[in-house]
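Both counts, for ligands and for their atoms, begin at 1 and track the order of listing.
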Amino acid sequence: MKQKQLNVIETKAREWLLDRGVKVQDIAELTYHLQRSYFPHLTIEDCIRHVEKVLSKREVQNGILTGIQLDRLTEKGLLDEPLQSMLKKDEGLYGIDEVVALSILNVYGSIGLTNYGYIDKQKPGILSRLNDKSTGDCHTFLDDIVGAIAAAAASRLAHNSDVTPTS
Ligand SMILES: [Ca+2]
């Protein structure tokens, strides 16, 4: 694929995230939340840098575009049953939203999995808004995608860190 097409994909993925109310800063705050106890000198700027690197990966962009597209179609009621109801309700047994999250986490190996599980349970920051069902918005895929990007950035940070860890 040509460079120009790749840039279109990355640009769209970033635009769509913003359009759904998710800023790089919001994801970086989740990464910070995950790693601050291990790296006392960690800054939000460090986390932003790692989130940006994760967002530059094609696998991650594909996950963002696919997930947000399905969330949007669900909001508009455009999917066929039984998928429409499953996604609208964010049904626990569906599980494919988590598979998309795994495809993002896999880019950086298995360490991201623990981090992802942790924030998926805690739902700090932006994740609590994405999980708020009272808004009428559908973020069945996006909550997992955002959690996975934050967890992947945390793994990246832990692996090639220029920040000194707690001894
Ligand atoms: Ca979900």
Side-chain angles (χ1 to χ4, degrees), residues 9-36 44 47-48 50-158:
I9 294 168
E10 177 163 3
T11 306
K12 275 287 159 202
R14 286 170 175 274
E15 272 176 25
W16 285 19
L17 275 180
L18 275 179
D19 181 65
R20 303 296 284 173
V22 179
K23 299 194 220 55
V24 169
Q25 171 96 21
D26 298 322
I27 308 176
E29 278 166 13
L30 298 177
T31 306
Y32 183 77
H33 181 82
L34 280 167
Q35 294 294 352
R36 67 183 162 193
I44 282 286
C47 297
I48 288 176
H50 287 282
V51 170
E52 292 283 2
K53 286 284 183 193
V54 174
L55 289 175
S56 72
K57 294 278 182 190
R58 179 64 197 276
E59 296 92 330
V60 177
Q61 296 154 11
N62 289 344
I64 293 169
L65 292 177
T66 306
I68 290 179
Q69 182 72 84
L70 285 164
D71 282 348
R72 281 174 168 164
L73 292 172
T74 306
E75 275 173 11
K76 292 176 184 159
L78 289 174
L79 297 174
D80 291 328
E81 291 297 354
L83 199 56
Q84 174 66 36
S85 299
M86 285 195 279
L87 293 195
K88 184 80 202 161
K89 280 186 279 190
D90 195 1
E91 199 180 284
L93 289 174
Y94 174 62
I96 309 300
D97 42 351
E98 279 135 41
V99 175
V100 174
L102 284 179
S103 76
I104 290 173
L105 288 169
N106 278 341
V107 178
Y108 293 99
S110 58
I111 189 181
L113 205 57
T114 320
N115 285 330
Y116 170 72
Y118 176 75
I119 44 176
D120 186 49
K121 227 184 219 154
Q122 282 218 334
K123 306 211 186 299
I126 181 97
L127 291 182
S128 77
R129 180 176 72 70
L130 293 178
N131 274 281
D132 181 0
K133 303 281 187 293
S134 70
T135 60
D137 299 338
C138 173
H139 298 300
T140 295
F141 278 87
L142 189 58
D143 67 332
D144 294 288
I145 289 169
V146 166
I149 296 169
S155 323
R156 203 180 177 281
L157 191 152

task: Tell me, please, if Glu98 has any N/O/S atom, main chain or side chain, under 3.0 Å from the Ca ion (ligand 1)?
output: no

- line: dist Asp120:CG -> Asp144:CG (nearest 0.5 Å) comes out at 6.0 Å

Partner of Val22 under side-chain contact (heavy atoms from CB on, under 4.5 Å), chosen from Leu142, Ile68, Ile64: Leu142

- prompt: Using a distance-only test with no angle check, is there a side-chain donor-acceptor pair under 3.5 angstrom linking Gln35 and Thr31?
  reply: no

query: Has Thr140 got an N/O/S atom less than 3.0 Å from the Ca ion (ligand 1)?
result: yes

statement: Rounded to 10°, the OD2/Asp144 to the Ca ion (ligand 1) to OD1/Asp143 angle comes out at 70°

message: Taking Cys138's backbone N and O only, do any of them form a donor-acceptor pair with Glu75's side chain (distance below 3.5 Å, no angle check)?
response: yes

- request: Please find the N/O/S atom of Asp97 nearest to the Ca ion (ligand 1) and write down its name.
  value: OD2

